[in-house]
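Reviewing the structure listed below.
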Amino acid sequence: MSEKILINTDVDLPIQASVCALVNDRGELVIDYTYEDDEESSSDFRRAAIVDREDTLEMAKYYGVQVEQLPQLLYDECGVAYDSVPSDVERVFQDVLNFILESGVRYKFRDIF
């Protein structure tokens with residue numbers, strides 16, 4: 001499984017959020033968006049956008065990379081190398097979803113909590 005953190009919030013903030021890209025054991029591209037609020041846990045969530053195996057292969061072909069290189073490609077295209085604020089994390093998540101759609105494939109959402 002190849003994995004890459006695309007963006008993180010600053011650890012000193014009360015809200016911790018991140019976006020991570022990985023290729024799971026089934027060959028699916030997974031974009032994992034996690035949001036945790038220390039002051040209001042009722043707003044916590046974890047949402048994954050999942051590209052099925054066939055579409056993951058198509059996406060890799062479209063961008064001319066190996067499937068295992070997709071997380072790094074997403075980081076190169078959409079990632080942020082410094083600690084950010086929650087709104088930046090949300091923006092990166094949307095940028096990644098748009099980048100996926102540009103390749104002509106689709107994703108499905110799964111809420112984890």
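Below, all heavy atoms of this structure are taken into account, side chains as well, without hydrogens, waters or symmetry copies.
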query = Taking C-beta and beyond as the side chain, do E40 and D37 meet within less than 4.5 Å on heavy atoms?
reply = yes
key: Heavy-atom side-chain contact between L22 and K4 under 4.5 Å   = no
query = Distance-only, no hydrogens or angles: does the D55 side chain make a donor-acceptor pair with backbone N or O of V105 under 3.5 Å?
reply = no
ask   = Does I5 CD1 have over 12 foreign heavy atoms under 6.0 Å away?
value = no
request  = Report yes if some heavy atom in the side chain of Y107 is under 4.5 Å from a heavy atom in the side chain of L101; otherwise report no.
outcome  = yes
task = Please tell me if the side chains of Y63 and E58 come closer than 4.5 Å, counting only heavy atoms from C-beta onward.
result = no
key: Side chain proximity check, F99 to Q94, heavy atoms < 4.5 angstrom   = no
task = Determine whether E36 and S41 make a side-chain contact, defined as any pair of heavy atoms from C-beta on separated by less than 4.5 Å.
result = no
ask   = Of all heavy-atom pairs between R26 and N24, which one has the smallest distance, and what is that distance?
value = N-OD1, 2.9 Å
Return all side-chain donor-acceptor pairs below 3.5 angstrom for residues 66-83, not counting sequence neighbours, or 'none' if the list is empty.
{"residue": "Q69", "atom": "OE1", "partner": "Q66", "partner atom": "N", "Å": "2.7"}
{"residue": "Q72", "atom": "NE2", "partner": "D76", "partner atom": "OD1", "Å": "2.8"}

inquiry  = As an exercise, state the distance from CG of L29 to CG of L57, rounded to the nearest 0.5 Å.
reply    = 11.0 Å
task = Could you tell me the separation between the CZ atom of R106 and the CE atom of M59, rounded to the nearest 0.5 Å?
result = 12.5 Å
request  = Provide the closest heavy-atom pair for L13 versus S84 in the form atom of the first, atom of the second, distance.
outcome  = CD1-O, 3.6 Å
Shortest non-hydrogen contact between T9 and V85, atoms and distance = CG2-C, 3.8 Å
V23 and V30, any side-chain heavy atoms less than 4.5 Å apart = no
note = Rounded to the nearest 0.5 angstrom, the CD-CD distance for E54 and E28 is 9.0 Å
note = Quick note, salt bridge (charged side-chain N to carboxylate O under 4.0 Å, His left out) partners involving residues 87-98, not counting sequence neighbours, are R91-D95
Side chains of F93 and I31 in contact at under 4.5 Å (non-hydrogen atoms) = yes
inquiry  = Which residue in the set R47, R46, R110 passes side-chain hydrogen bond (donor to acceptor under 3.5 Å, both in side chains) when paired with D32?
reply    = R46
task = Over 60° means perpendicular and under 30° means parallel, so classify the ring planes of F45 and Y35, tilted if in between.
result = parallel
